[in-house]
Amino acid sequence: MSQEGRKLFLLDAMALIYRAYYALNKNPRITSKGLNTSAILGFANALYDVIRNEKPTHIGVAFDTHAPTVRHEDFSAYKANREAMPEDISTAIPYIMQLIRGFNIPILAVDGYEADDVIGTLAKQAENKGFTVYMMTPDKDFGQLVSDNILQYKPGKPGEDPVIMGVKEVCEKFGVKRPDQVIDMLGLWGDASDNIPGIPGVGEVTARNLLKDFDNVENLIENAEKIDKAGLREKVKTFGQQALMSKQLATIILDVPLTFEEDALKLTPPDINKLQTLFEEIEFRTFAKRVFTDLEKGSPPAGKQAADLFAAAGEPLETIATLSNIDQVPHVYHLADTPEKRKVLVTHLGKSGMFCFDTETTGLDANNVELVGMSFATRPGEAWFVPVPDRYSEAVEIVKEFAGVFADETIGKTGQNMKYDISVLKWYEINVNGSLFDTMIAHYLIEPDMRHNMDFLARTYLNYEPVSIESLIGKKGKNQLSMRSVDPEKLKEYACEDADITLQLRIALEPQLAETDTRALFDEIEMPLVKVLAAMEAEGVKIDSGNLNQFSEQLEKEIAEVEKEIYLLAGEEFNIASPKQLGEIIFDKMQLSDNPKQTKTKQHSTSEDVLQKLINKHPIVQQILDYRSLTKLKSTYVDTLPLLVNPRTGRIHTSYNQAVASTGRLSSNNPNLQNIPIRTERGREIRKAFVPRNDKFVLLSADYSQIELRLIAHISGDEAMQEAFRHGIDIHTATAARIYNIDISEVTKEMRRNAKTVNFGIIYGISAFGLSERLNIPRREAAEIISQYFERFAGIKRYMDEIITFAREHGYVETIKKRRRYLRDINSGNAIVRGFAERNAINAPIQGSSADMIKIAMISIQREFERLKLKSRMIMQVHDELVFDVHQDEVETVKPVIERLMKSAIELSIPVEVEMSTGSNWLEAH
DNA sequence: TACCTCACG
DNA sequence: ACGTACGTGAGGTAG
């Protein structure tokens with residue numbers, strides 16, 4: 001082999017592992033034993049891709065060691081900002097080492113040095129021996145080492161190509177003349193992730209300009225006088241030494257005591273036995289198949305001869321597990337595009353007992369799309385596609401051929417995110433009846449805090465990769481095609497596959513509902529709720545846009561005034577909406593606080609609680625807070641809501657997501673109607689714009705009073721709290737009397753306010769620190785209050801301890817209606833992570849039971865409204881509140897119905913109170 | 001796209 | 001000795 005052909009790959013293990021973990025862990029991979037293998041798989045794929053595609057002749061993987069490094073000794077803050085390594089990663093590392101050993105690749109590590117230094121040192125030595133070296137890492141710092149023979153190889157994101165950075169690319173990226181200036185850039189600019197400070201206020205652009213004039217940091221400091229801009233000159237003078245130190249920190253060490261030994265790094269065939277044992281343990285079936293099939297085919301790493309590999313493989317390949325894959329199941333997908341074919345299909349569906357269906361549409365907004373087609377499946381491997389024409393009147397006629405089977409109560413329906421299909425079909429005069437099975441929601445109950453989209457479910461449960469929507473209509477953006485323009489044959493394959501897969505998912509998921517004891521919750525609450533939500537969304541809510549537009553103009557003026565005032569007080573103009581710039585102004589320039597809180601990325605925090613504490617330091621603070629609240633109102637609500645009025649209905653239609661919140665709550669988006677302002681005077685103006693459909697109607701709001709505290713009183717059985725609720729005493733006053741050990745009549749406003757904060761804290765899983773922050777009192781006092789609380793409400797304390805114990809034993813907690821939340825970190829060795837899990841253990845049953853309760857109420861109210869054939873409609877849900885658009889003549893009918901059904905949704909051992917009132921807008925209805 | 005901030009319960 | 005209250009969605013900036 002020629003000298004030129006020698007290719008050395010040096011992998012930066014930890015950087016690659018982190019990257020792999022965060023890229024994959026959105027859909028975490030967890031083995032049957034509960035091991036999170038996201039990091040392992042991500043790294044394995046990256047490693048294997050490189051071996052296969054780049055065919056290195058030599059390879060090594062560099063790790064950091066636990067010993068403190070030279071840099072720590074120099075500068076103690078270095079990397080101090082780093083968060084603790086996620087447990088999923090630390091547990092993965094031993095497996096990743098096994099994997100590397102399985103591939104017969106040496107692991108490189110030297111005490112006292114970082115992986116960067118090891119890579120740098122070896123890269124230089126190898127270069128001298130005539131190798132082309134690829135440093136495989138996403139870390140931009142490596143740019144400093146790049147030369148003609150040393151390149152940086154940045155692995156691509158899933159589905160994207162890797163990027164190779166040579167001298168030219170590095171210089172372009174950093175805007176410098178030579179790669180070695182990268183460290184000067186980093187020295188001036190800083191690097192948040194490594195806690196390298198740089199010069200405050202100097203960003204990428206300034207750093208680049210300085211280097212253009214002064215070449216390097218040392219020279220810059222020496223010639224600081226020559227800087228034109230006065231402000232910058234001062235900064236450089238003040239922080240010059242810090243920049244120099246930053247540069248040193250960013251410099252990769254090239255004289256680590258180790259020698260590049262060619263033979264040790266030579267790529268050799270993998271150790272099949274080791275790999276197979278590992279793959280079995282971590283349940284890597286697909287990856288194993290890929291590796292071993294390649295070996296079998298002799299698509300050899302590094303151009304090795306296939307014979308070599310077979311010799312190394314040792315044992316027969318039949319032992320490798322084969323995968324079930326629906327691609328291998330023969331399937332038949334039909335096109336039902338004539339009246340005759342449709343009639344046959346309808347008859348078939350009518351006799352089926354249950355069918356799975358899916359709709360294809362021109363967009364994502366169920367209340368503003370056109371139907372392009374429908375697909376149906378009745379057994380795995382067979383499906384039908386019914387194209388729906390462009391013209392609405394024709395479309396309705398065709399779709400209505402299916403009205404009978406859709407409406408048939410005796411035919412069950414299966415789908416993925418059925419609320420969407422049901423909503424779309426409403427526009428085509430279709431009513432969907434019969435028992436529903438929504439695979440998305442089934443999975444939501446089985447694994448509440450994972451994702452539930454079909455592609456993920458298909459991969460996880462069927463080991464199948466569905467045809468992507470992108471392959472039909474392209475990536476989203478202005479060039480995306482319409483569903484209408486897709487070739488019918490292709491669309492048929494895609495649509496039928498969706499129905500087919502969904503049906504198979506039902507088969508996979510149904511037993512798991514039973515296993516997790518969530519079948520009743522599914523059948524009696526979640527599935528009936530799907531149609532209730534579809535109805536509410538279709539109803540929508542009327543908005544008074546004129547009112548909002550007027551308000552917008554008023555806000556505009558106020559913002560302009562505040563803005564002017566802020567610039568005046570600051571002595572310069574800047575972007576107030578940029579937390580970065582704002583932080584520099586009030587902390588660096590104006591020095592309003594010497595101890596500003598830092599955000600994750602080393603910036604000064606400018607969040608409200610921080611500013612609130614500085615409010616007496618300078619008048620600019622209040623102005624900033626005003627500016628923030630004004631712009632928030634304007635951009636998020638006042639200017640946005642009128643744009644979301646649906647042209648078909650003249651109303652706003654939110655979408656309630658039933659499979660997002662891991663506690664069981666709903667969430668609302670497009671727009672979010674669950675966070676409309678109410679707490680401030682100006683914010684309340686927005687609620688005035690939510691109005692009844694016409695002057696014959698009023699809005700009625702009904703909300704549960706203190707439902708979460710009532711639930712904890714009920715669940716815990718705490719006598720003291722139950723007694724307070726039974727006597728109808730204001731719960732926060734009662735709490736104050738108890739913790740301050742005084743009579744109810746002696747409770748002051750402040751005591752009540754404190755008690756209220758404590759009560760909230762209880763629901764969230766209180767900590768002394770959290771309480772002291774919120775009450776702005778010393779931690780000792782907060783601790784004292786908490787201990788008083790637990791003494792006086794011993795039942796609550798007992799509940800908290802018991803629920804944590806339960807979680808430790810079972811790995812999950814559950815609500816009154818058996819909704820589960822799994823807490824995988826509850827037995828973690830990491831106190832911080834465990835703390836989160838413990839607070840979730842306390843909160844989830846309460847927040848979740850409250851969600852169970854209002855969901856039940858919504859279903860029964862909807863049923864009762866239908867039974868009574870009322871004109872009034874339920875139109876919104878805000879966690880503990882229901883909003884109705886009520887016909888004037890029905891107000892007195894509807895009130896007792898709502899009250900009774902909300903109160904009786906779940907029977908508690910204490911009274912449940914519901915507050916109701918009506919008005920000509922949402923604010924008045926409160 | 002990630003982060004920060006802030007609106008609600 | 002660690003950092004900290006639970007659950008969401010959305011808009012802006014900056015990379």
Side-chain angles (χ1 to χ4, degrees), chain A residues 22 83-84 140 157 173 189 192-193 203-205 448-449 574-583 597 599-611 624-625 628-637 639-641 644 654-657 660-680 682-684 686-687 703-704 706-708 757-775 779 782 786 821 829-848 850-851 854 877-881:
Chain A
Y22 287 112
E83 289 189 25
K140 65 179 185 313
K157 288 178 190 163
K173 179 183 163 67
W189 182 10
S193 64
E204 187 177 358
V205 177
D449 41 24
F574 63 101
N575 188 346
I576 311 168
S578 159
K580 189 172 138 82
Q581 295 184 33
L582 179 65
K597 246 195 209 169
T599 64
K600 282 186 185 181
T601 49
K602 81 153 186 199
Q603 235 86 217
H604 307 303
S605 167
T606 63
S607 61
E608 205 205 314
D609 55 324
V610 173
L611 296 184
I624 291 166
L625 289 169
R628 284 250 179 94
S629 72
L630 290 166
T631 51
K632 172 86 179 179
L633 289 181
K634 186 165 185 292
S635 63
T636 309
Y637 305 103
D639 289 350
T640 312
L641 288 174
L644 293 167
T654 185
S655 171
Y656 290 101
N657 200 324
V660 167
S662 16
T663 52
R665 272 190 178 178
L666 298 177
S667 82
S668 153
N669 66 10
N670 292 316
N672 184 351
L673 294 186
Q674 294 181 320
N675 71 349
I676 302 301
I678 191 168
R679 292 174 188 170
T680 67
R682 260 196 295 256
R684 279 196 277 277
I686 292 162
R687 294 212 168 202
D703 61 296
Y704 282 115
Q706 306 294 354
I707 193 61
E708 293 194 344
T757 307
V758 177
N759 275 331
F760 272 107
I762 291 299
I763 293 167
Y764 299 151
I766 202 160
S767 76
F769 179 89
L771 187 63
S772 72
E773 275 292 287
R774 257 142 254 269
L775 288 180
R779 210 144 127 191
I786 293 170
R821 179 163 186 191
N830 180 332
I832 299 156
V833 179
R834 194 177 59 242
F836 270 105
E838 288 172 355
R839 292 195 292 276
N840 279 325
I842 293 164
N843 176 262
I846 300 167
Q847 194 179 114
S850 157
I854 199 163
Q877 190 254 39
V878 193
H879 309 307
D880 63 356
E881 174 188 8

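All heavy atoms count here, side chains included; hydrogens, waters and symmetry mates do not. All chains are named by letter (A, B, ...) in the order of the sequence lines, taking the proteins before the strands, and each is independently numbered beginning at 1.
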(request) Can you spot which of A:Leu673, A:Asn675, A:Ile676 makes a side chain to side chain contact (heavy atoms under 4.5 Å, CB included) with A:Ser668? (result) A:Leu673
(request) Please tell me which of the listed nucleotides, C:dG7, B:dT5, B:dG9, lies nearest to the side chain of A:Asp880? (result) B:dG9
(request) Specify the separation, in whole Å, of atom CG of A:Asp703 and atom P of B:dG9. (result) 9 Å
(message) I want to verify a distance call: between C:dG7, C:dA5, C:dT4, whose nearest atom is closest to the A:His879 side chain?
(response) C:dG7
(request) Compare the minimum distances between each of C:dC2, C:dG9, C:dG7 and the side chain of A:Ala831, then state the nucleotide with the smallest one. (result) C:dC2
(message) Using every non-hydrogen atom in the two residues, find where A:Leu644 and A:Pro671 come nearest and quote the distance to one decimal.
(response) CD1-CB, 3.5 Å
(message) Using the side-chain heavy atoms of A:Arg679, tell me which of these nucleotides is nearest: C:dT8, C:dT13, B:dC8.
(response) B:dC8
(request) Output the single nucleotide from C:dC2, B:dC8, C:dC6 whose closest atom is nearest the side chain of A:Tyr764. (result) C:dC6
(request) Work out which heavy atom in A:Arg821 is nearest to a heavy atom in A:Ala844; give both atom names and the distance. (result) CD-CB, 3.9 Å
(message) For C:dA1, give the paired nucleotide (Watson-Crick: N1-N3 plus N6-O4 or O6-N4; G-U: N1-O2 and O6-N3; both under 3.5 Å), or none.
(response) none
(request) With the side chain of A:Ala577 defined as its heavy atoms from C-beta on, choose the nearest nucleotide among C:dT13, B:dG9, C:dC6. (result) C:dT13
(request) Take the protein atom CZ of A:Phe769 and the nucleotide atom P of C:dA1, then report the distance between them rounded to whole Å. (result) 17 Å
(message) Determine whether A:Asn759 and A:Gln706 satisfy the following criterion, side chain to side chain contact (heavy atoms under 4.5 Å, CB included), listing intermediate values before the conclusion.
(response) CA-CA 10 Å; A:Asn759 275 331; A:Gln706 306 294 354; over 6 Å; no
(message) So does A:Asn670 get a backbone contact from the side chain of A:Thr654, meaning a donor-acceptor N/O pair under 3.5 Å?
(response) no
(message) When the P atoms of C:dG3 and B:dC8 are compared, how many Å lie between them, rounded to an integer?
(response) 31 Å
(request) State whether the side chain of A:Thr599 and the backbone N or O of A:Ser605 hold a donor-acceptor pair below 3.5 Å, judged by distance alone. (result) no
(message) What I want to check is whether an N or O donor and acceptor connect the side chain of A:Arg839 with the base of C:dG7 at under 3.5 Å.
(response) no
(request) Please state the P separation for the pair B:dC6 and C:dA1 - nearest whole angstrom. (result) 34 Å
(message) Side chain of A:Pro677, heavy atoms from C-beta onward: which of B:dA7, C:dG11, B:dT5 has the nearest atom to it?
(response) B:dA7
(request) Provide the distance between the two P atoms, one in C:dA5 and one in B:dC4, to the nearest whole Å. (result) 14 Å
(message) I'd like to know if A:Gln847 reaches the base of C:dC6 with its side chain such that a donor and an acceptor end up less than 3.5 angstrom apart.
(response) yes
(message) Please pick, from C:dG7, C:dT13, B:dC8, the nucleotide with the shortest atom-to-atom distance to any side-chain atom of A:Arg821.
(response) C:dG7
(request) Report the nucleotide, chosen from C:dA10, C:dT4, B:dG9, that has the shortest atom-to-atom distance to any side-chain atom of A:Ser767. (result) C:dT4
(request) Looking at every strand, decide which applies to A:Asn575 at a 4.0 Å heavy-atom threshold: base, sugar-phosphate, or nothing. (result) sugar-phosphate
(request) Scan A:Ile676 against the nucleic acid and name what it touches under 4.0 Å (heavy atoms): base, sugar-phosphate only, or nothing. (result) sugar-phosphate
(message) Distance check, P atoms only: B:dT5 and C:dT4, in whole angstrom units.
(response) 14 Å
(request) Would you kindly check whether a donor in the side chain of A:Arg774 faces an acceptor in the base of C:dT4, or vice versa, at under 3.5 angstrom? (result) no
(message) The side chain of A:Thr663 is closest to which nucleotide in this list: C:dG11, C:dA10, C:dG7?
(response) C:dG7
